[in-house]
Asks: 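Below you'll find the structure I mean.
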There are 2 protein chains.
Amino acid sequence: MARESTCRFAILGMLCREPMSGYDLRSAIERSVGHFWQESYGNLYPTLKQMAQEHLVELEPEEPSRGGRVRKAYRVTEAGRTALAQWLRRPVLPHVERNELLLKLFFGAQVGPTDSLAQVERSRSEAEGLLAALRLIDENVRHSRGDDPERPYWHLSIRAGLLGLEAHLRWCDEAREALQRMERTPGSTKKRKAK
Amino acid sequence: MARESTCRFAILGMLCREPMSGYDLRSAIERSVGHFWQESYGNLYPTLKQMAQEHLVELEPEEPSRGGRVRKAYRVTEAGRTALAQWLRRPVLPHVERNELLLKLFFGAQVGPTDSLAQVERSRSEAEGLLAALRLIDENVRHSRGDDPERPYWHLSIRAGLLGLEAHLRWCDEAREALQRMERTPGSTKKRKAK
DNA sequence: GGCCGGATATATCAGCCTGATATATCGCCG
DNA sequence: CGGCGATATATCAGGCTGATATATCCGGCC
């Protein structure tokens with residue numbers, strides 16, 4: 001009925017690089033694409049089970065060296081590789097991203113600009129933190145991984161993050177100014193006291 | 001267990017402006033905040049029912065003028081207004097937005113830059129369409145609604161969209177160039193033929 | 001030796017949300 | 001009067017999150 005699980009393809013893409021367990025998948029995803037994609041265990045484990053039934057992935061033969069410790073490492077099958085390749089070619093279908101900050105601002109019109117201003121400030125400092133973190137990762141990638149064929153792709157995704165965050169910071173500054181102007185000229189916003 | 005329904009607050013915010021039915025809510029949301037927030041009927045109707053049970057909203061007394069046509073118009077209660085005001089003050093909790101385009105690009109490293117290039121081109125022209133549409137809305141808002149107290153908030157949300165889309169376009173251009181460079185120097189990407 | 005805490009590891013579930021589907025009525029135009 | 005598009009509500013499969021439960025391994029510390 002609804003849209004196709006994207007989690008399946010995140011799994012396939014990661015397993016193509018190296019066979020892994022569900023636990024490892026989560027951290028590998030976090031480490032490599034964590035700034036624009038994350039997966040929860042509650043999504044990964046059931047999806048892996050399903051995909052194994054559909055023969056898109058399969059369990060690696062268990063090495064008994066690890067004692068009684070349970071550990072299931074998965075590996076892509078040829079069918080899995082094909083499914084991934086097809087998905088990669090399929091166009092990304094457009095989707096309106098929900099923006100909770102903007103929604104709160106919009107309804108803030110009914111309350112007054114002061115609370116909105118606080119939201120914008122919070123968002124701004126959060127974005128600054130993310131920006132600093134991304135710049136650090138960028139430096140890291142630039143210096144290590146001299147010959148990794150994935151390197152230009154890392155750089156592309158980091159650039160997307162940087163440009164997006166910089167745009168957001170610029171918007172925050174605009175919004176701050178506009179809201180401060182509105183605070184000085186009370187206008188027709190009705191004030192509602194906090195609980 | 002999981003996070004709080006944001007739909008509830010979208011409903012409350014909209015009903016504070018004017019009492020409405022579920023159907024009207026959907027179009028009012030689409031018209032006013034549609035470029036950063038949307039709600040589906042499958043979400044609205046059950047949520048409205050719940051909220052009525054919790055006395056956050058209530059049915060307006062039915063006017064019998066409309067014949068047998070079923071129509072339920074909801075109105076906010078005082079409790080609803082309080083709940084909205086509290087939500088507006090609560091900080092937006094940070095969330096990593098999934099970006100399917102970047103995911104496809106990242107895994108594109110295993111396939112070659114040609115398909116990635118196509119994805120970037122598609123995304124670019126989609127963004128250009130959205131940008132043109134937003135600019136039109138911006139013009140509209142600028143000229144009509146001369147004294148609407150909501151006007152500066154409209155402008156704020158439109159500016160967020162514009163800056164974001166412009167940043168995305170700039171990224172698309174960077175990405176295009178990088179991928180074209182990679183196409184010319186085959187490097188170590190393995191090619192996989194389509195099905 | 002024994003104990004604790006943090007990392008490793010898998011599983012399950014409530015609840016939010018989307019997109020699809022079903023159903024029925026109303027007003028208008030030809 | 002028949003068809004079509006807008007109005008209107010409802011339901012459901014299935015994706016996904018965040019919380020919770022459970023158990024093991026390993027290293028450090030007393």
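In what follows, chains are A, B, ... by sequence order, proteins preceding strands, each numbered from 1. All figures in this text were calculated on a predicted structure; none of them were measured in a lab. Below, all heavy atoms of this structure are taken into account, side chains as well, without hydrogens, waters or symmetry copies.
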Asks: Between B:K72 (NZ) and C:dT25 (P), how many Å, whole number?
Replies: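 Roughly 16 Å, once rounded to whole Å.
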
Asks: With nearest nucleotides of DNA chain D determined for A:N43 and B:G42 from heavy-atom distances, which residue corresponds to the more 5′ nucleotide?
Replies: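 Nearest nucleotide further toward 5': that of B:G42.
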
Asks: What contact category does A:R8 fall into here, base, sugar-phosphate, or nothing, at under 4.0 angstrom with non-hydrogen atoms?
Replies: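 Since no nucleic acid heavy atom lies under 4.0 Å of A:R8, the category is nothing.
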
Asks: Would you tabulate the side-chain donor-acceptor contacts of residues 97-104 of chain B under 3.5 Å, counting partners in other chains and residues two or more places apart, or write 'none'?
Replies:
unit_1: B:R98; atom_1: NH1; unit_2: A:T6; atom_2: OG1; d: 3.2
unit_1: B:R98; atom_1: NH2; unit_2: A:Q38; atom_2: O; d: 3.4
unit_1: B:R98; atom_1: NH2; unit_2: A:E39; atom_2: OE1; d: 3.0
unit_1: B:R98; atom_1: NH2; unit_2: A:E39; atom_2: OE2; d: 2.9
unit_1: B:N99; atom_1: OD1; unit_2: B:L101; atom_2: N; d: 3.2
unit_1: B:N99; atom_1: OD1; unit_2: B:L102; atom_2: N; d: 3.1
unit_1: B:K104; atom_1: NZ; unit_2: A:W87; atom_2: O; d: 2.8
unit_1: B:K104; atom_1: NZ; unit_2: A:R90; atom_2: O; d: 2.6

Asks: Side chains of A:S27 and A:D24: donor-acceptor distance under 3.5 Å anywhere?
Replies: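 No, no side-chain donor-acceptor pair sits under 3.5 Å.
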
Asks: How is A:T6 classified with respect to the nucleic acid when contacts are heavy atoms under 4.0 Å: base, sugar-phosphate, or nothing?
Replies: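 Sugar-phosphate, backbone atoms only, no base.
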
Asks: Between the side chain of B:E183 and the main-chain N/O of B:A178, is any donor-acceptor distance below 3.5 Å?
Replies: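 No; zero donor-acceptor contacts below 3.5 Å.
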
Asks: Whole-Å distance between D:dC16 C1' and A:M51 CE?
Replies: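 Between C1' of D:dC16 and CE of A:M51: 15 Å.
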
Asks: Counting heavy atoms from C-beta on, name the nucleotide in C:dC17, D:dT11, D:dT17 closest to the side chain of B:R98.
Replies: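 Ranking C:dC17, D:dT11, D:dT17 by closest atom to the B:R98 side chain puts D:dT17 first.
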
Asks: Going by side chain to side chain donor-acceptor pair (under 3.5 Å), name the pairs with one or both residues in residues 125-137 of chain B, residues two or more places apart or in two chains.
Replies: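 Applying side chain to side chain donor-acceptor pair (under 3.5 Å) to every pair that reaches into residues 125-137 of chain B, excluding sequence neighbours, yields B:R124-B:E128.
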
Asks: Return the set of residues passing side-chain contact (heavy atoms from CB on, under 4.5 Å) with A:R26 (not counting sequence neighbours), or none when no residue passes.
Replies: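 Residues passing side-chain contact (heavy atoms from CB on, under 4.5 Å) with A:R26: A:Y41, A:L44.
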
Asks: For the pair made of CD in B:Q38 and C1' in C:dC17, what is the distance, rounded to whole Å?
Replies: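 Nearest whole value for this atom pair: 13 Å.
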
Asks: My understanding is that only residues two or more places apart in sequence, or in another chain, count here; which of them pass side-chain contact (heavy atoms from CB on, under 4.5 Å) with B:P91?
Replies: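 Result, side-chain contact (heavy atoms from CB on, under 4.5 Å) vs B:P91: A:R122.
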
Asks: From OH of B:Y45 over to C1' of D:dA8, roughly how many Å is that when rounded to an integer?
Replies: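 After rounding, the gap between these two atoms is 5 Å.
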
Asks: Where each residue is assigned the nucleotide of DNA chain C containing its nearest heavy atom, which of B:T47 and B:Y41 is assigned the position nearer the 5′ end?
Replies: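 Of the two residues, B:T47 wins.
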
Asks: A:K49 side chain: which of C:dT12, C:dG19, D:dC16 is closest?
Replies: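 When the side chain of A:K49 is considered, C:dT12 is the closest of C:dT12, C:dG19, D:dC16.
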
Asks: Would you mind reading off the distance between A:W87 atom CH2 and D:dG15 atom P, rounded to a whole angstrom?
Replies: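 For the pair A:W87 CH2 and D:dG15 P, the rounded distance is 15 Å.
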
Asks: Got a sec? Which of residues 18-36 of chain A come in under 4.0 Å of DNA chain D, heavy atoms?
Replies: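 Under 4.0 Å from DNA chain D: no residue of residues 18-36 of chain A.
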
Asks: Rounded to the nearest angstrom, tell me the gap between atom CG in B:L48 and atom P in C:dC17.
Replies: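 Value for this atom pair: 13 Å.
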
Asks: Verify the contact: side-chain N or O of A:S5 to OP1 or OP2 of D:dG14, cut-off strictly under 4.0 Å; return yes or no.
Replies: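 No, A:S5 has no side-chain N/O under 4.0 Å of OP1/OP2 on D:dG14.
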
Asks: Over all strands shown, is A:S40 touching base, sugar-phosphate only, or nothing at heavy-atom distances under 4.0 angstrom?
Replies: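 A:S40: base contact, heavy atoms under 4.0 Å.
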
Asks: Quick check on DNA chain D: between B:L93 and A:Q50, whose nearest nucleotide comes earlier from the 5' end?
Replies: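 Result of the comparison: A:Q50.
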
Asks: Can you check the A:L44 CG to D:dG15 C1' distance for me, whole Å?
Replies: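 Distance, rounded to whole Å: 13 Å.
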
Asks: Which whole-number value in Å describes the distance from A:E100 CD to D:dT17 P?
Replies: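 Atom-to-atom, A:E100 to D:dT17, this comes out as 16 Å.
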
Asks: Mind checking what makes ring-ring contact (aromatic ring centres under 6.0 Å, His included) contact with B:H168, not counting sequence neighbours?
Replies: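 Partners of B:H168 by the ring-ring contact (aromatic ring centres under 6.0 Å, His included) criterion, ordered by chain and then number, come out as B:W171.
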
